[in-house]
Colleague: 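Take a look at the following structure, please.
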Amino acid sequence: MEYGAVLLWWMLYAALALAGLPIAAVLFRRLEGRGAAFALPVALVVLFVSVYWIGRFTFGTGAVTLAVVILLAASALCYTRVDPEIDFRRYREWLAVFTVAFLFLVAIRGVDPAVRPIGGEKFLDFGLLKTILRDTALPPEDMWFAGKPVQYYYGGHLLSAILTTITGTAPKYAYNLALAGFYAALVSTAFGLAGSIAASRGSSYRTGGLFGAFLVGIASNLVTPLQ
């Protein structure tokens with residue numbers, strides 16, 4: 001396993017969440033933790049939307065760099081102009097849940113990291129990721145129909161390509177690390193949302209959050225084998 005790449009991507013997710021904290025604190029100031037659990041999704045949305053529109057003209061390292069600058073500028077603007085209350089304690093709790101979920105899925109993908117053309121959509125997803133990284137503008141070229149733009153949704157693939165460009169990781173490693181990050185972002189954000197709901201009703205934030213994270217990240221996947 002490429003332990004260095006795993007650490008690099010974990011650091012990237014943690015750093016993006018830090019950059020998104022001021023924005024999330026403004027947007028979700030009424031929630032427990034001032035939206036700390038939403039900081040990573042917020043940062044990813046800003047990056048995605050920025051690259052999506054810049055990519056209509058040019059896509060590559062320059063477009064991604066500009067998107068990062070936009071994210072940092074938006075974060076600095078929220079921090080200096082609004083002066084939001086940032087809850088770093090909830091951020092640390094979120095990061096702990098994210099880390100466990102991230103390493104959990106990395107371990108699962110580490111058992112069988114191959115992208116196989118039979119079963120699921122991994123072959124299609126990996127193809128779209130490499131196509132986007134190879135193109136110089138959006139929408140990317142259809143890998144099944146040379147010279148034509150892809151007629152398929154590619155939002156998650158574009159976001160994976162953005163993170164791959166930032167880290168400089170080879171696509172064969174980036175594919176699984178992006179999957180692990182998206183899963184961990186879902187579980188940890190569910191933790192924050194469920195925790196906020198529990199806290200608003202006088203219950204424990206951590207207990208409610210862990211219950212929500214379990215339902216979304218673990219229990220939901222047990223439905224099919226139990227049936």
Side-chain angles (χ1 to χ4, degrees), residues 2 5-6 8-13 15-17 19-20 23-24 27 38-75 77 102 105-106 108-109 112-187 189 216 220:
E2 297 294 321
V6 172
L8 176 62
W9 278 68
W10 177 85
M11 292 173 61
L12 173 63
Y13 287 123
L16 288 175
I23 306 173
L27 295 176
F38 294 84
L40 178 57
V42 166
L44 292 177
V45 166
V46 173
L47 284 179
F48 171 81
V49 173
S50 300
V51 172
Y52 179 78
W53 289 110
I54 297 171
R56 297 288 166 167
F57 303 96
T58 179
F59 177 77
T61 303
V64 173
T65 301
L66 181 56
V68 172
V69 171
I70 291 173
L71 170 61
L72 295 177
S75 179
L77 184 64
F102 179 69
L105 204 70
V106 165
I108 291 177
R109 294 300 301 152
D112 183 17
V115 176
R116 305 182 187 280
I118 300 177
E121 295 188 352
K122 294 183 178 63
F123 188 78
L124 168 64
D125 292 335
F126 186 61
L128 281 171
L129 171 61
K130 294 201 69 174
T131 298
I132 294 172
L133 289 170
R134 191 168 57 236
D135 262 325
T136 57
L138 300 176
E141 184 178 2
D142 192 330
M143 64 181 185
W144 304 117
F145 196 171
K148 297 294 183 180
V150 65
Q151 298 294 317
Y152 193 73
Y153 53 86
Y154 58 93
H157 313 88
L158 175 58
L159 188 54
S160 300
I162 294 170
L163 300 176
T164 302
T165 302
I166 293 175
T167 59
T169 311
K172 62 181 180 179
Y173 302 123
Y175 175 82
N176 288 312
L177 292 169
L179 282 180
F182 296 158
Y183 170 79
L186 172 64
V187 172
T189 303
V216 171
S220 60

Colleague: Describe, in one word, how the ring planes of Tyr152 and His157 are oriented to each other, choosing from parallel (under 30°), tilted (30 to 60°) and perpendicular (over 60°).
Modeller: tilted
Colleague: Can you give me the closest heavy-atom contact between Ile70 and Ser50, atom names plus distance?
Modeller: CG2-OG, 3.7 Å
Colleague: Atom CG of Leu105 and atom OH of Tyr183: how far apart are they, to the nearest 0.5 Å?
Modeller: 6.5 Å
Colleague: Just wondering, do Leu163 and Phe182 contact through their side chains at under 4.5 Å, heavy atoms?
Modeller: yes
Colleague: Are the side chains of Ser160 and Tyr175 in touch, meaning some heavy atoms are under 4.5 Å apart?
Modeller: no
Colleague: Going by heavy atoms in the side chains, are Thr189 and Leu40 under 4.5 Å from each other?
Modeller: no
Colleague: Rounded to the nearest 0.5 Å, how far apart are CZ of Phe123 and CE of Met143?
Modeller: 6.5 Å
Colleague: Taking Ser75 for its side chain and Ala19 for its backbone only, find out whether a donor-acceptor pair lies under 3.5 Å.
Modeller: yes
Colleague: Please confirm whether the backbone N or O of Thr164 pairs with a side-chain atom of Thr167, one donor and one acceptor, at under 3.5 Å?
Modeller: yes
Colleague: Specify the closest pair of heavy atoms between Leu177 and Trp9, including all atoms of both residues, with the distance to one decimal.
Modeller: CD1-CD1, 3.4 Å
Colleague: Please identify each residue that fulfils side chain to side chain contact (heavy atoms under 4.5 Å, CB included) with Phe57, with sequence neighbours left out.
Modeller: none
Colleague: Return yes if some donor-acceptor pair links the side-chain N/O of Asp135 with the main-chain N/O of Phe59 below 3.5 Å, else return no.
Modeller: no
Colleague: What I'd like to find out is whether the side chain of Trp144 reaches to under 4.5 Å of the side chain of Leu124, using heavy atoms alone.
Modeller: yes
Colleague: Evaluate the side-chain proximity of Asn176 to Leu179: yes if any heavy-atom separation is below 4.5 Å, no if none is.
Modeller: yes
Colleague: Just how far is it from atom CD1 of Ile54 to atom OG1 of Thr58, taken to the nearest 0.5 Å?
Modeller: 9.5 Å
Colleague: Of all heavy-atom pairs between Ala74 and Ile23, which one has the smallest distance, and what is that distance?
Modeller: CB-CD1, 3.9 Å
Colleague: Side-chain contact, heavy-atom cut-off 4.5 Å: Leu27 with Phe38?
Modeller: no
Colleague: So, taking the atom named CZ in Phe102 and the one named CH2 in Trp10, what distance separates them when rounded to the nearest 0.5 Å?
Modeller: 9.5 Å
Colleague: Can you tell me how far CG of Leu128 sits from CD of Glu121, rounded to the nearest 0.5 angstrom?
Modeller: 9.5 Å
Colleague: Atom CG of Leu158 and atom CG of Leu133: how far apart are they, to the nearest 0.5 Å?
Modeller: 9.5 Å
Colleague: Indicate the atoms forming the closest heavy-atom contact of Thr131 with Pro140, along with that distance.
Modeller: CG2-CB, 4.0 Å
Colleague: I want to check something: taking the side chain as every heavy atom from C-beta on, are Leu16 and Leu47 in contact at a cut-off of under 4.5 Å?
Modeller: yes
Colleague: What closest approach, in Å, do Arg56 and Pro139 show between heavy atoms, and which atom pair accounts for it?
Modeller: NH1-CD, 3.6 Å
Colleague: Taking all atoms of both residues into account, what is the closest heavy-atom pair of Asp142 and Gln151, and its distance?
Modeller: OD2-N, 4.2 Å
